[in-house]
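Chain naming here is simple, since letters A, B, ... match the order of the sequence lines and numbering starts at 1 in each.
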2 protein chains.
Amino acid sequence: MSRVRHDRLDCSPGCAVEAALQFIDGKWKGVILYHLLDGTLRFNEIRRRLPGVTPRMLTNQLRELEADGFLARKVFAEVPPKVEYSLTGRGRSLEPVIAALKAWGDAHADFAPKPYADAAA
Amino acid sequence: MSRVRHDRLDCSPGCAVEAALQFIDGKWKGVILYHLLDGTLRFNEIRRRLPGVTPRMLTNQLRELEADGFLARKVFAEVPPKVEYSLTGRGRSLEPVIAALKAWGDAHADFAPKPYADAAA
DNA sequence: GCGCATAGTGTCGATAAGGATACCGTTATG
DNA sequence: CATAACGGTATCCTTATCGACACTATGCGC
C-alpha cells in the first residue's frame, strides 16, 4: 500500500487537497473514520458496521489509518482478544472533512447510479 | 472506470461519506475541481497546473467529472481547437468539501512524514 | 516541407488495490 | 470433544488504475 498518489506535491495550492485526499482514500477509510467519530470501537464492531468488508481489508485499512496517525490501537491482553480503536487528535482533526463529505452525500443523495454516457446536471 | 467503490451503500449513515468520496477519488479529480473553482479553464491550462498529468489521464478524469455532472465541457469550433471546462452547479456544491480538504491539507501540511515502513524520499 | 500549438485518442503494459477463502491460538460454553 | 467468539494472517487471484508513448486533424509561421 503505497497510497502515494502524488510523489510531487507541487501542484500549487491545489495539492493540499490531494494531500488530504491521500489519507482518506482507500475503500473503507472514510466510513471507518466516520464511525470512529462516535467513539471507540472494537474490531468486530467496526466490521459489523461495514457490510462486505473482509477481515483482511479491515485490518489493512485500520493499519494504514494507524500508521498515518489517525487512530490508536489499544490491545487488551485478555482472553478473548480485545482491541479497541479510537481516533487520535489528528484523527479528530479530520472531523470537518468527514462532516463536509457526509453533508454533501446526504444533500446530494443521488446514490442512484450515474449513467456514464450522458449525465445531465 | 467504474468508481463503484460500494455497490451496496448500506453502511448506515456513514455511507454518505463514501458516496461523496467516490466522486472525488481518482488521482486528479480533487485538484482539477480545486482549480476549476477559480473559474473556467481550458484543457491545456489545467494540464499546466498539474505537473505530471498525461493528456490521457487528464481527458479521463475530465470525462468522469463531466459524466458525474460536476463540470461542463464547452467546445469551440475554432481552428486551433478550444475547449473550456467549467463547474456546474453540482460541481460548485462540492466547494465546501474541497475547502475542507484544502483546509485540512494546509493545516496539517505534513507533506513529508509518514514513516510508513521506510518511505524512500 | 517542418515544426508548433490545440485537444485529444489508442494501444500496451506495469502495478497496486481490493476480494475470496482458509487458517491461527486461546478460552469458555454446550 | 466440538463449537463459537475474538482479532487477526496467509495465500492467491482478479481487476482497476495509472503511465508511457505515439499518433490524429487543422492552420499558422518560416
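Dashed line: the shortest gap from a side-chain N or O of B:Trp28 to OP1 or OP2 of D:dG19 is under 4.0 Å. The phosphate of C:dA17 (OP1 or OP2) has no side-chain N or O of A:Gln61 nearer than 4.0 angstrom.
Regarding A:Glu78, its CD atom lies at a distance of 13 Å from the C1' atom of D:dA5, rounded to whole Å. Taking atom CG of B:Leu21 as the reference point, atom C1' of C:dA17 lies 15 Å away to the nearest angstrom. The interatomic distance linking A:Ile24 (CD1) with C:dA17 (C1') rounds to 17 Å, in whole Å. Here C:dA20 presents its C1' atom at 11 Å from CE of A:Met57, a figure rounded to the nearest Å. Here D:dA20 presents its P atom at 14 Å from CG of B:Leu58, a figure rounded to the nearest Å. Across the protein-nucleic acid pair, B:Ile32 atom CD1 and D:dC18 atom P stand 11 Å apart, rounded to whole Å.
Applying the side chain to side chain donor-acceptor pair (under 3.5 Å) test to pairs two or more places apart or on separate chains, those with a residue in residues 77-89 of chain A are A:Arg73-A:Tyr85.
By the 30° and 60° cut-offs, the orientation of the rings of A:Phe23 relative to B:Trp104 is perpendicular.
For the pair B:Val97 and B:Leu101, the minimum side-chain heavy-atom distance is below 4.5 Å. Looking only at side-chain heavy atoms (C-beta outward), A:Val31 and B:Val17 stay at 4.5 Å or farther from each other. Side-chain contact between B:Leu94 and B:Phe70 is present, with at least one heavy-atom pair separated by less than 4.5 Å.
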Protein proximity profile, nucleotides 2-12 of chain C - base contact B, sugar-phosphate-only contact S, no contact -, cut-off 4.0 Å on heavy atoms: ----BSBBBBB
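B:Glu66 contributes no side-chain N or O that, together with a main-chain N or O of B:Arg63, makes up a donor-acceptor pair within less than 3.5 Å.
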